[in-house]
Amino acid sequence: MIGELINGMFKDVGRAIIDKEADVIQHLAEDQVRAGASVLDVNTGPYSKNPKDDMKWLIESIQKVVDVSLALDSTKPDVIEEGLKLVKKRAIINSTNADEAKMEAIFGLAKKYNAQVIALAMDKSGVPNNSQKRLELAATIVAKAIDFGIGPEDLFLDPIVLPVNVAQAQGREVLESIREFRLLSDPAPNTTIGLSNVSQGTKHRSLVNRTFLVMAVANGLTSAILDPLDKDLVDAMIAAELILNKNIYCDSFLDAYRKR
Ligand code: THG
(Lines give C-alpha, C1' and ligand atoms only; values in the text may rest on other atoms or scores of the structure.)
Protein backbone atom coordinates (compact mmCIF):
# COMPACT_ATOMS: atom_id res chain seq x y z
CA MET A 1 0.00 0.00 0.00
CA ILE A 2 1.50 3.25 -1.22
CA GLY A 3 -0.52 6.12 0.27
CA GLU A 4 -1.64 8.64 -2.37
CA LEU A 5 -2.89 11.48 -0.21
CA ILE A 6 0.17 13.74 -0.02
CA ASN A 7 -0.34 15.16 -3.47
CA GLY A 8 -0.72 18.84 -4.31
CA MET A 9 -3.54 17.92 -6.69
CA PHE A 10 -5.78 17.68 -3.61
CA LYS A 11 -7.00 21.18 -2.77
CA ASP A 12 -6.19 20.98 0.95
CA VAL A 13 -2.70 19.68 0.29
CA GLY A 14 -2.03 22.24 -2.43
CA ARG A 15 -3.01 25.00 -0.01
CA ALA A 16 -0.96 23.50 2.82
CA ILE A 17 2.10 23.47 0.56
CA ILE A 18 1.67 27.14 -0.37
CA ASP A 19 0.99 28.22 3.24
CA LYS A 20 3.62 25.83 4.67
CA GLU A 21 1.13 24.27 7.09
CA ALA A 22 3.18 21.27 8.18
CA ASP A 23 0.48 19.88 10.50
CA VAL A 24 -1.89 19.22 7.56
CA ILE A 25 0.78 17.14 5.82
CA GLN A 26 1.85 15.45 9.05
CA HIS A 27 -1.70 14.34 9.89
CA LEU A 28 -2.05 12.84 6.41
CA ALA A 29 1.25 11.03 6.88
CA GLU A 30 0.30 9.64 10.29
CA ASP A 31 -3.22 8.64 9.24
CA GLN A 32 -2.00 6.79 6.16
CA VAL A 33 0.70 4.92 8.06
CA ARG A 34 -1.76 4.01 10.83
CA ALA A 35 -4.09 2.64 8.11
CA GLY A 36 -1.32 0.35 6.88
CA ALA A 37 0.57 2.23 4.18
CA SER A 38 4.20 1.09 4.06
CA VAL A 39 5.15 3.76 1.53
CA LEU A 40 3.89 7.32 1.09
CA ASP A 41 3.71 8.93 -2.35
CA VAL A 42 4.93 12.55 -2.27
CA ASN A 43 3.90 14.86 -5.10
CA THR A 44 4.07 18.67 -4.98
CA GLY A 45 1.19 18.89 -7.45
CA PRO A 46 0.51 20.85 -10.61
CA TYR A 47 0.43 24.29 -8.97
CA SER A 48 3.75 24.28 -7.16
CA LYS A 49 5.85 27.26 -8.29
CA ASN A 50 9.01 25.89 -6.75
CA PRO A 51 8.74 22.09 -6.76
CA LYS A 52 12.33 21.54 -5.54
CA ASP A 53 11.81 23.57 -2.37
CA ASP A 54 8.29 22.20 -1.90
CA MET A 55 9.50 18.59 -2.23
CA LYS A 56 12.18 19.31 0.34
CA TRP A 57 9.69 20.86 2.74
CA LEU A 58 7.21 17.98 2.30
CA ILE A 59 9.85 15.34 3.01
CA GLU A 60 11.22 17.16 6.06
CA SER A 61 7.70 17.61 7.43
CA ILE A 62 6.75 13.96 6.83
CA GLN A 63 9.97 12.52 8.29
CA LYS A 64 9.42 14.38 11.56
CA VAL A 65 6.37 12.20 12.31
CA VAL A 66 6.62 8.87 10.45
CA ASP A 67 9.36 6.41 9.58
CA VAL A 68 8.37 4.87 6.22
CA SER A 69 9.72 4.83 2.69
CA LEU A 70 8.72 7.64 0.36
CA ALA A 71 7.80 7.43 -3.32
CA LEU A 72 9.16 10.63 -4.84
CA ASP A 73 6.51 11.48 -7.43
CA SER A 74 7.70 14.01 -10.00
CA THR A 75 8.37 14.20 -13.73
CA LYS A 76 11.47 16.32 -13.02
CA PRO A 77 14.75 14.49 -12.24
CA ASP A 78 16.14 17.52 -10.35
CA VAL A 79 13.10 17.50 -8.02
CA ILE A 80 13.56 13.77 -7.45
CA GLU A 81 17.27 14.20 -6.71
CA GLU A 82 16.48 16.90 -4.14
CA GLY A 83 14.29 14.34 -2.41
CA LEU A 84 16.80 11.51 -2.69
CA LYS A 85 19.35 13.62 -0.81
CA LEU A 86 16.96 13.93 2.13
CA VAL A 87 15.25 10.59 2.60
CA LYS A 88 16.09 8.54 5.69
CA LYS A 89 14.76 5.26 4.29
CA ARG A 90 15.30 3.66 0.91
CA ALA A 91 13.17 5.64 -1.55
CA ILE A 92 11.15 4.72 -4.61
CA ILE A 93 11.52 7.06 -7.58
CA ASN A 94 8.10 7.73 -9.16
CA SER A 95 8.85 7.56 -12.05
CA THR A 96 10.67 6.88 -15.27
CA ASN A 97 9.02 5.88 -18.54
CA ALA A 98 10.45 3.93 -21.47
CA ASP A 99 12.16 6.91 -23.13
CA GLU A 100 15.88 6.30 -23.51
CA ALA A 101 16.99 9.68 -22.11
CA LYS A 102 14.56 9.50 -19.20
CA MET A 103 15.70 5.99 -18.25
CA GLU A 104 19.35 7.09 -18.38
CA ALA A 105 18.61 9.97 -15.98
CA ILE A 106 16.35 8.06 -13.58
CA PHE A 107 18.24 4.77 -13.45
CA GLY A 108 21.41 6.80 -12.96
CA LEU A 109 19.83 8.48 -9.92
CA ALA A 110 18.54 5.13 -8.64
CA LYS A 111 22.05 3.70 -8.72
CA LYS A 112 23.64 6.78 -7.15
CA TYR A 113 21.17 6.87 -4.24
CA ASN A 114 20.27 3.15 -4.01
CA ALA A 115 16.60 3.79 -4.77
CA GLN A 116 13.90 1.56 -6.23
CA VAL A 117 12.09 2.73 -9.37
CA ILE A 118 8.50 2.86 -10.62
CA ALA A 119 8.53 2.70 -14.43
CA LEU A 120 5.53 3.67 -16.56
CA ALA A 121 4.79 1.59 -19.65
CA MET A 122 4.62 4.65 -21.88
CA ASP A 123 6.99 6.71 -24.00
CA LYS A 124 7.07 10.02 -25.89
CA SER A 125 4.11 8.94 -28.00
CA GLY A 126 1.97 8.61 -24.86
CA VAL A 127 0.08 5.79 -23.15
CA PRO A 128 -0.40 2.70 -25.37
CA ASN A 129 -3.96 1.60 -26.05
CA ASN A 130 -3.29 -2.12 -25.88
CA SER A 131 -1.46 -4.61 -23.68
CA GLN A 132 0.87 -5.73 -26.50
CA LYS A 133 2.48 -2.28 -26.76
CA ARG A 134 2.58 -1.93 -22.98
CA LEU A 135 4.44 -5.24 -22.79
CA GLU A 136 6.99 -4.13 -25.41
CA LEU A 137 7.73 -0.95 -23.44
CA ALA A 138 7.91 -2.87 -20.16
CA ALA A 139 10.42 -5.29 -21.73
CA THR A 140 12.55 -2.34 -22.88
CA ILE A 141 12.45 -0.96 -19.32
CA VAL A 142 13.44 -4.26 -17.68
CA ALA A 143 16.37 -4.68 -20.11
CA LYS A 144 17.60 -1.13 -19.50
CA ALA A 145 17.33 -1.54 -15.74
CA ILE A 146 19.46 -4.67 -15.91
CA ASP A 147 22.08 -2.70 -17.92
CA PHE A 148 22.27 -0.36 -14.91
CA GLY A 149 22.51 -3.25 -12.47
CA ILE A 150 18.97 -2.68 -11.20
CA GLY A 151 17.25 -6.02 -10.69
CA PRO A 152 13.52 -6.76 -11.11
CA GLU A 153 13.06 -6.79 -7.33
CA ASP A 154 13.84 -3.05 -7.33
CA LEU A 155 11.55 -2.27 -10.26
CA PHE A 156 7.80 -1.52 -10.11
CA LEU A 157 6.22 -1.70 -13.58
CA ASP A 158 3.12 0.49 -13.96
CA PRO A 159 0.81 -0.24 -16.94
CA ILE A 160 -0.95 3.13 -16.36
CA VAL A 161 -4.58 3.08 -15.32
CA LEU A 162 -6.92 5.45 -17.16
CA PRO A 163 -10.36 6.72 -16.07
CA VAL A 164 -13.09 4.22 -16.93
CA ASN A 165 -15.47 7.00 -17.98
CA VAL A 166 -13.27 8.13 -20.88
CA ALA A 167 -11.12 5.05 -21.62
CA GLN A 168 -13.42 2.16 -20.86
CA ALA A 169 -11.63 -0.34 -23.10
CA GLN A 170 -8.35 0.14 -21.20
CA GLY A 171 -9.37 -1.66 -17.99
CA ARG A 172 -9.00 -5.09 -19.56
CA GLU A 173 -5.73 -4.12 -21.24
CA VAL A 174 -4.25 -2.98 -17.91
CA LEU A 175 -5.33 -6.18 -16.16
CA GLU A 176 -3.78 -8.24 -18.96
CA SER A 177 -0.57 -6.18 -18.67
CA ILE A 178 -0.29 -6.87 -14.94
CA ARG A 179 -0.50 -10.60 -15.72
CA GLU A 180 2.03 -10.37 -18.56
CA PHE A 181 4.59 -8.13 -16.79
CA ARG A 182 5.18 -10.89 -14.24
CA LEU A 183 6.59 -13.11 -16.98
CA LEU A 184 9.28 -10.62 -18.05
CA SER A 185 11.90 -11.81 -15.59
CA ASP A 186 12.68 -14.32 -12.89
CA PRO A 187 12.25 -13.20 -10.16
CA ALA A 188 9.22 -11.29 -11.47
CA PRO A 189 9.33 -7.49 -11.38
CA ASN A 190 7.01 -5.76 -8.91
CA THR A 191 3.95 -4.05 -10.34
CA THR A 192 2.02 -0.98 -9.24
CA ILE A 193 -0.90 1.16 -10.39
CA GLY A 194 -2.31 4.60 -9.61
CA LEU A 195 -5.60 3.01 -8.58
CA SER A 196 -7.70 6.17 -8.14
CA ASN A 197 -7.07 7.14 -11.77
CA VAL A 198 -9.68 4.53 -12.74
CA SER A 199 -12.53 6.35 -11.02
CA GLN A 200 -11.66 9.98 -11.77
CA GLY A 201 -14.77 11.82 -12.87
CA THR A 202 -17.08 8.89 -12.07
CA LYS A 203 -19.85 8.33 -9.56
CA HIS A 204 -19.38 5.57 -6.96
CA ARG A 205 -15.62 6.14 -6.89
CA SER A 206 -14.92 3.90 -3.92
CA LEU A 207 -16.87 1.00 -5.49
CA VAL A 208 -15.06 1.39 -8.81
CA ASN A 209 -11.69 1.59 -7.04
CA ARG A 210 -12.14 -1.49 -4.87
CA THR A 211 -13.58 -3.58 -7.68
CA PHE A 212 -10.63 -2.74 -9.91
CA LEU A 213 -8.15 -3.36 -7.09
CA VAL A 214 -9.53 -6.85 -6.41
CA MET A 215 -9.33 -7.71 -10.12
CA ALA A 216 -5.78 -6.37 -10.32
CA VAL A 217 -4.70 -8.33 -7.23
CA ALA A 218 -6.19 -11.46 -8.81
CA ASN A 219 -4.00 -10.78 -11.84
CA GLY A 220 -0.88 -10.61 -9.69
CA LEU A 221 -0.55 -6.92 -8.75
CA THR A 222 2.07 -6.55 -6.00
CA SER A 223 1.50 -2.93 -4.87
CA ALA A 224 -0.77 0.04 -5.52
CA ILE A 225 -0.86 3.79 -5.01
CA LEU A 226 -4.22 4.20 -3.31
CA ASP A 227 -6.20 5.85 -0.52
CA PRO A 228 -5.38 3.82 2.61
CA LEU A 229 -8.11 5.72 4.52
CA ASP A 230 -10.81 4.10 2.36
CA LYS A 231 -11.69 1.29 4.76
CA ASP A 232 -13.93 -0.59 2.32
CA LEU A 233 -11.08 -0.53 -0.20
CA VAL A 234 -8.53 -1.91 2.24
CA ASP A 235 -11.02 -4.55 3.50
CA ALA A 236 -11.55 -5.71 -0.09
CA MET A 237 -7.78 -5.89 -0.64
CA ILE A 238 -7.28 -7.93 2.53
CA ALA A 239 -10.11 -10.30 1.53
CA ALA A 240 -8.64 -10.67 -1.98
CA GLU A 241 -5.27 -11.65 -0.51
CA LEU A 242 -7.03 -14.11 1.79
CA ILE A 243 -8.77 -15.79 -1.17
CA LEU A 244 -5.40 -15.99 -2.94
CA ASN A 245 -4.06 -17.88 0.12
CA LYS A 246 -1.53 -15.20 0.98
CA ASN A 247 -2.68 -15.17 4.61
CA ILE A 248 -4.04 -17.93 6.82
CA TYR A 249 -7.79 -17.75 7.43
CA CYS A 250 -9.20 -16.91 10.84
CA ASP A 251 -12.58 -15.39 11.68
CA SER A 252 -10.92 -12.11 12.60
CA PHE A 253 -8.80 -11.99 9.41
CA LEU A 254 -9.36 -8.25 8.88
CA ASP A 255 -8.13 -7.37 12.39
CA ALA A 256 -5.35 -9.93 12.18
CA TYR A 257 -4.05 -8.38 8.95
CA ARG A 258 -4.16 -4.88 10.40
CA LYS A 259 -2.37 -5.89 13.61
CA ARG A 260 0.52 -7.68 12.00
N1 THG B 1 1.08 5.99 -11.58
C2 THG B 1 2.12 6.40 -10.83
N3 THG B 1 2.06 7.47 -10.02
C4 THG B 1 0.92 8.19 -9.96
C5 THG B 1 -0.19 7.80 -10.71
C6 THG B 1 -0.09 6.67 -11.55
N7 THG B 1 0.86 9.27 -9.13
C8 THG B 1 -0.27 10.14 -9.18
C9 THG B 1 -1.54 9.36 -9.45
N10 THG B 1 -1.36 8.52 -10.59
C11 THG B 1 -1.92 8.52 -8.25
N12 THG B 1 -2.43 9.36 -7.20
C13 THG B 1 -3.69 9.91 -7.28
C14 THG B 1 -4.04 10.84 -6.34
C15 THG B 1 -5.31 11.41 -6.39
C16 THG B 1 -6.19 11.05 -7.37
C17 THG B 1 -5.86 10.11 -8.30
C18 THG B 1 -4.60 9.52 -8.25
C19 THG B 1 -7.54 11.68 -7.45
N20 THG B 1 -7.65 12.96 -7.08
C21 THG B 1 -8.88 13.69 -7.09
C22 THG B 1 -9.43 13.83 -8.50
O23 THG B 1 -8.64 14.06 -9.42
O24 THG B 1 -10.63 13.72 -8.69
C25 THG B 1 -8.65 15.06 -6.51
C26 THG B 1 -9.88 15.52 -5.83
C27 THG B 1 -9.62 16.72 -4.98
O28 THG B 1 -9.21 17.75 -5.53
O29 THG B 1 -9.82 16.64 -3.77
O30 THG B 1 -8.48 11.06 -7.89
O31 THG B 1 -1.04 6.27 -12.26
N32 THG B 1 3.25 5.68 -10.90
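The analysis underlying the following values was restricted to heavy atoms, covering all of them including side chains, and did not include hydrogens, waters or symmetry mates. When a ligand or atom number is given, it counts from 1 through the structure's own listing order.
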(request) In sequence, state the C-alpha distance, the side-chain angles, and the governing distance for Y249 and D251, and then conclude on side-chain hydrogen bond (donor to acceptor under 3.5 Å, both in side chains). (result) CA-CA 7 Å; Y249 178 81; D251 286 346; 2.8 Å; yes
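- Within the 4.0 Å heavy-atom shell around ligand 1 one does not find T192.
- In this structure, R179 fails the cation-pi test against F181, since its NZ or CZ atom is not both closer than 6.0 Å to the six-membered ring centre and inside 45 degrees of the ring normal.
- Taking only non-hydrogen atoms, the option from R205, E4, M9, Q200 nearest to atom 24 (O) of ligand 1 is R205.
- The contact set between ligand 1 and I118, taken as ligand atoms under 4.0 Å from a residue heavy atom, comprises 32 (N).
- By the 4.5 Å heavy-atom criterion applied to side chains, M1 and V39 are not counted as neighbours.
- Atom 3 (N) of ligand 1 has as its closest protein heavy atom N94 ND2, 3.0 Å.
- K231 places a side-chain heavy atom less than 4.5 Å from the side chain of D235.
- Residue, atom and distance of the protein heavy atom nearest to atom 1 (N) of ligand 1 are D158 OD2, 2.7 Å.
- Remark: among candidates D12, N197, T202, D73, the nearest residue to atom 7 (N) of ligand 1 is D73, based on non-hydrogen atoms.
- Polar contact check, N7 against ligand 1: no nitrogen or oxygen pair lies under 3.5 Å apart.
- Given atom 17 (C) of ligand 1, the protein heavy atom at minimum distance is S196 CB, 3.5 Å.
- Under 4.0 Å from ligand 1, not a single heavy atom of V161 appears.
- Which parts of ligand 1 touch L120 is read off a 4.0 Å heavy-atom cut-off, strictly below it: atoms 32 (N).
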(request) Could you please spell out the steps behind the side-chain hydrogen bond (donor to acceptor under 3.5 Å, both in side chains) verdict for R182 and N219? (result) CA-CA 9 Å; R182 293 195 296 175; N219 279 275; over 6 Å; no
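- The nearest heavy-atom contact from the protein to atom 6 (C) of ligand 1 is G194 CA, 3.6 Å.
- Of the protein's non-hydrogen atoms, the one nearest atom 29 (O) of ligand 1 is F10 CD2, 3.4 Å.
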(request) Check step by step if side-chain hydrogen bond (donor to acceptor under 3.5 Å, both in side chains) holds for S48 and D54. (result) CA-CA 7 Å; S48 169; D54 289 344; 2.5 Å; yes
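- Residues D73 and V42 form no side-chain contact, since every pair of their non-hydrogen atoms from C-beta on lies 4.5 Å or further apart.
- In this structure, I160 does not count as a contact residue of ligand 1, since none of its heavy atoms falls inside 4.0 Å of the ligand.
- Using a 4.0 Å cutoff on heavy atoms, N43 does not count as a contact of ligand 1.
- The side-chain heavy atoms of W57 and K52, taken from C-beta on, include no pair separated by under 4.5 Å.
- Inter-residue side-chain proximity for L242 and Y257 is flagged as unmet; no heavy-atom pair is nearer than 4.5 Å.
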